There are 2 protein chains.
Amino acid sequence: MTESTRRRPRADALRNRERLLAEADAVFREQGTGASLEGVARRAGVAIGTLYGHFPTRTALVAALLEARNRELFEHGDRLAADPDPARALADWIRAVVRHAAAYQGLAAELAARSDELQDSCHRMTGIGDLLTDRARAAGALRGDTTGADLFTLMNAAAWAREHDTPAQADRLLDLALAGMIAR
Amino acid sequence: MTESTRRRPRADALRNRERLLAEADAVFREQGTGASLEGVARRAGVAIGTLYGHFPTRTALVAALLEARNRELFEHGDRLAADPDPARALADWIRAVVRHAAAYQGLAAELAARSDELQDSCHRMTGIGDLLTDRARAAGALRGDTTGADLFTLMNAAAWAREHDTPAQADRLLDLALAGMIAR
DNA sequence: ACCTGAACACCGTTCAAGT
DNA sequence: ACCTGAACACCGTTCAAGT
């Protein structure tokens, strides 16, 4: 690997990338992850080919958007792993991920699809889920044999419900599942 | 309303309608409710305009497909309303609806959208859900204040999970929520 | 190295003409 | 009364030409 292949990106390319991410975030919040990419490019002031140059697929764009937000989320998860109340930590984690996954309409489906571009995020999430459920189980706060995979399913389903129902209804779904999961 | 406006449909029109429904069912089972309508028409041996003549929107086609299946489902619900074990009846109903709503990929989203074409079905479902939860509550088999609307949210979310996860994972989600709903 | 935007491809929907 | 299918519209994606 010669030095030249590792050159820093051109300044205009970096700036275009940033503007594309900022506009994609705004557009996806308004219209969901299925929004027109042509519109994103136009709002960012670049041609559609530039968007494809930076992000070859829609999912790649979504993955790039999630990266910054994910870091924050995972840090929160790591902090929760040291929480003195494992049951509360688990519930807290679930609610945090659901809010996270309901940022854009369609994001829950994107996550549930487990595409290559997003599988790092998915693994990270189930990993933290496994850790938190293990701790809760060890503390006798869990009934049943809930795993990180169960959490992942629940969180995606609740995020999807949040997109299609009212947030209040989605919260009731979460409360129901939590009541079934956590020992009284 | 003169007699002529109530004439029975032409025989070929009726036959085309039946063929379109049969092929749409097959195609939606294979490819989901988002499948190409052009393909449905081609498989039914009619032009695309004929499909639109019978079913002006995709949702209208889905609604027509559901009609026959719904009748069966609602009869099951009515029978369950007389079940001696209200908790078991409730769990039975939920599982039946989820299987029903996971017939085609995308059907859960279609139901959750509560379009005009499908709102009769949705009302009927929440109605039966209200009845079954009321009976379970009266029998002391329920904890919390679960309603038919909660059931509707849960059933759609579980059906959606069934589309994106394995059926086994979706069942675990259902079990979790049921455990939270039904008094031990 | 990156950007542009015309060109291509695909599919949903309509509607004038036909039977 | 119903069917046909060409025509239109829309949008995602690619790539040759330009800087």
Side-chain angles (χ1 to χ4, degrees), chain A residues 1-24 27-28 30-65 104-106 109-110 113 115 117, chain B residues 1-24 27-28 30-65 104-106 109-110 113 115 117:
Chain A
M1 197 88 52
T2 67
E3 201 201 352
S4 62
T5 64
R6 285 259 177 230
R7 275 237 205 70
R8 73 162 50 164
R10 233 166 57 181
D12 60 339
L14 210 70
R15 189 168 159 282
N16 282 339
R17 196 189 135 89
E18 290 309 314
R19 289 209 57 184
L20 280 166
L21 283 172
E23 296 304 330
V27 170
F28 286 176
E30 289 165 19
Q31 305 169 36
T33 57
S36 162
L37 297 181
E38 180 70 51
V40 171
R42 191 170 47 244
R43 281 179 56 155
V46 300
I48 183 63
T50 304
L51 186 151
Y52 279 94
H54 284 276
F55 310 103
T57 66
R58 184 181 295 269
T59 306
L61 177 54
V62 172
L65 280 169
Y104 316 131
Q105 183 105 354
E110 202 85 47
S115 59
E117 286 104 326
Chain B
M1 199 84 54
T2 66
E3 199 200 355
S4 62
T5 64
R6 284 262 175 228
R7 274 239 203 68
R8 70 164 51 165
R10 234 165 59 180
D12 61 337
L14 211 70
R15 189 167 160 283
N16 282 339
R17 197 189 132 89
E18 290 309 314
R19 290 209 57 184
L20 280 166
L21 283 172
E23 295 304 330
V27 171
F28 286 176
E30 290 164 20
Q31 305 170 36
T33 56
S36 161
L37 297 182
E38 180 71 49
V40 171
R42 190 171 47 244
R43 283 179 56 153
V46 299
I48 183 64
T50 304
L51 187 151
Y52 279 95
H54 284 277
F55 309 104
T57 65
R58 183 181 295 269
T59 307
L61 177 54
V62 171
L65 280 170
Y104 316 130
Q105 183 107 351
E110 202 86 49
S115 60
E117 286 103 327

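Not measured: the values here are computed from a predicted model.
In plain terms, the two heavy atoms of A/Ala24 and A/Leu65 that are nearest each other are CB-CD1, 4.0 Å. Nearest heavy atoms, A/His54 versus A/Pro56: O-CD, 3.7 Å.
Side chains of B/Tyr52 and B/Leu37 form a contact here, defined as non-hydrogen atoms less than 4.5 Å apart. Side-chain contact between B/Thr59 and B/Glu110 is present, with at least one heavy-atom pair separated by less than 4.5 Å. By the 4.5 Å heavy-atom criterion applied to side chains, A/Phe55 and A/Val62 are not counted as neighbours.
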- Message: Between A/Leu61 and A/Leu20, is the side-chain contact (heavy atoms from CB on, under 4.5 Å) condition met? List the steps.
- Response: CA-CA 9 Å; A/Leu61 177 54; A/Leu20 280 166; 5.6 Å; no

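In terms of phosphate contacts, A/His54 brings no side-chain nitrogen or oxygen within less than 4.0 Å of OP1 or OP2 of C/dC2. The phosphate of C/dC2 has neither OP1 nor OP2 within less than 4.0 Å of any side-chain N or O from A/Asn16.
Following rounding to the nearest Å, B/Arg15 (CZ) and D/dC3 (P) show an atom-to-atom distance of 11 Å. Rounded to a whole Å, the CG atom of A/Asp12 is 13 Å from the P atom of C/dA1. A straight line from CZ of B/Arg19 to P of D/dC2 spans 18 Å, rounded to a whole angstrom. Atom pair A/Leu51:CG and C/dG5:P shows a separation of 14 Å (rounding to whole Å applied). Rounding to whole angstrom units, CZ of residue A/Phe55 and P of C/dC3 are separated by 11 Å.
For the pair B/Glu23 and B/Arg17, the salt-bridge criterion is not met [side-chain N within less than 4.0 Å of a carboxylate O].
For the atom pair A/Leu51 CG and A/Arg19 CZ, the distance stands at 12.5 Å (nearest 0.5 Å).
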A correct dot-bracket answer for DNA chain C, with pairs being Watson-Crick or G-U at under 3.5 Å, [ ] for crossing pairs and | for inter-strand pairs, is ||.|||||...|||||.||

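Formation of a donor-acceptor pair under 3.5 Å by the A/Arg58 side chain with backbone atoms of A/Thr33 is found in this model.
Taking every side-chain heavy atom of B/Ala13 into account, D/dC3 is the closest of D/dC3, C/dC2, C/dG5.
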Expected string for nucleotides 12-19 of chain C under the B/S/- scheme (protein heavy atoms, under 4.0 Å, primed atoms plus P, OP1, OP2 as sugar-phosphate) is SBBB----

